[in-house]
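The structure under discussion appears below in the form of structure tokens.
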Amino acid sequence: MKISDRTWGIVSGAVAAAAYGLNPLFAVPLYGYGLTPPMVLFYRFALAAVMLVPLLTIKRCGFALTRGEFFASLLGGFLMVVSSLCLYTSFKHMDVGLAMTLLFLYPVIVAVIMSTVYHVKLSRSIIVSIVLALGGLALVTLLGKSSTTESLNITWKGVILAIGSSLSYAFYIVAVRKSPMKNLPSEKLTFYTVLLGCPFFLIFLHGGAALELPSAPGAWLYLIGVAFFPTIIALAFMAVAIEKIGATPTAILGVLEPVTGLLVGILLYGEKLTVCSSIGILLIFSAVVLVILADRNSIQSKE
């Protein structure tokens with residue numbers, strides 16, 4: 001039985017979200033090997049680009065870009081660099097589960113951008129979802145800490161970095177939908193996103209002088225993992241989802257990102273959740289579920 005475009009788009013969006021939620025699983029252990037966030041991300045993007053070359057060759061996608069596609073891809077690479085660097089640095093200043101949850105504000109940001117810039121009607125349900133998301137954010141950040149010894153690890157610096165990651169990720173999703181990048185096959189789009197993003201990390205590595213080559217085999221295993229799952233898999237499937245169902249529904253399917261991130265934080269790193277932070281997370285989830293249930297048809301038709 002042939003799978004419909006919408007079903008394939010939904011499945012792709014879910015796979016992309018779950019894969020992106022694995023970021024802390026691979027990134028956090030690398031800090032224990034002495035790598036900094038810019039180092040981890042440089043290797044993440046560079047290894048992903050190398051891995052994609054054989055795939056592009058086998059599929060005969062070609063490596064040529066038009067001028068418009070090149071500059072759009074350069075912008076896409078920059079936005080992913082900003083988003084990734086903010087997110088990975090936030091892991092050092094707050095629990096990874098909460099960082100991934102704050103990243104999940106991006107679906108609401110995408111909905112707002114599509115409404116204000118591209119005149120997709122801002123319906124009542126989207127307005128309610130924004131209120132729910134902001135309320136959830138307040139509970140997570142302002143009231144999330146408890147007075148017990150099991151209080152959350154959360155700082156304002158971590159919160160600002162996580163929200164900055166969410167903003168830039170939202171802009172990337174919109175750019176993929178509304179720029180010449182939409183003309184590229186998903187594998188080619190992913191390849192140029194990571195390839196053109198690599199040089200930006202050198203700015204934070206003093207032109208490469210501060211870049212260290214990991215000596216431990218375990219570090220390379222984590223680097224290969226972070227290059228494949230939350231990079232190649234996440235970006236390639238996200239491109240497919242955006243093509244099939246649109247930017248806003250794809251962003252909304254990101255509900256699996258914080259779920260994955262929270263599970264990683266709780267199961268592997270022993271992180272805790274307070275009652276207030278749990279309620280806040282549920283409000284954020286409710287905000288995006290409301291959008292997909294009430295507006296999926298109208299949003300998709302106008303995007």
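Nearest heavy atom pair, residue Leu283 against residue Leu132, reads CB-O, 3.6 Å. When every heavy atom of Pro214 is checked against every heavy atom of Trp220, the shortest pair comes out as O-NE1, 2.9 Å. Contact between Leu74 and Leu196 at its shortest, heavy atoms only, is N-CD1, 3.6 Å. Residues Phe229 and Ala19 share a closest heavy-atom pair of O-CB, 3.3 Å. Closest heavy-atom contact between Leu161 and His93: CD1-CD2, 4.0 Å. The two residues Val226 and Thr231 come nearest to each other via the heavy atoms O-OG1, 2.6 Å.
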**OP:** Decide salt bridge (Lys or Arg N to Asp or Glu O under 4.0 Å) for Lys59 and Glu187; before the verdict, give the C-alpha distance in whole Å, the side-chain angles of both, and the deciding distance to 0.1 Å.
**Re:** CA-CA 9 Å; Lys59 298 193 71 172; Glu187 301 90 346; 2.5 Å; yes
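Taking the six-membered ring where tryptophan is involved, the planes of Phe63 and Phe191 are perpendicular, since the angle between them exceeds 60° and thus also 30°. Below 30°, between 30° and 60°, or above 60°: for Tyr33 and Tyr222 the angle between ring planes is between 30° and 60°, a tilted geometry.
The environment of CZ in Phe171 is sparse: at most 12 heavy-atom neighbours from other residues, nucleotides or ligands sit within 6.0 Å. A 6.0 Å sphere centred on OH of Tyr31 holds more than 12 heavy atoms belonging to other residues, nucleotides or ligands. Atom CZ of Phe200 sits in a crowded spot, with more than 12 heavy atoms from other residues, nucleotides or ligands closer than 6.0 Å.
Residues Tyr43 and Leu213 are in side-chain contact: their nearest non-hydrogen atoms beyond the backbone lie under 4.5 Å apart.
Of the inter-residue distances, the one linking Ile10 atom CD1 with Lys244 atom NZ reads 13.0 Å to the nearest 0.5 angstrom.
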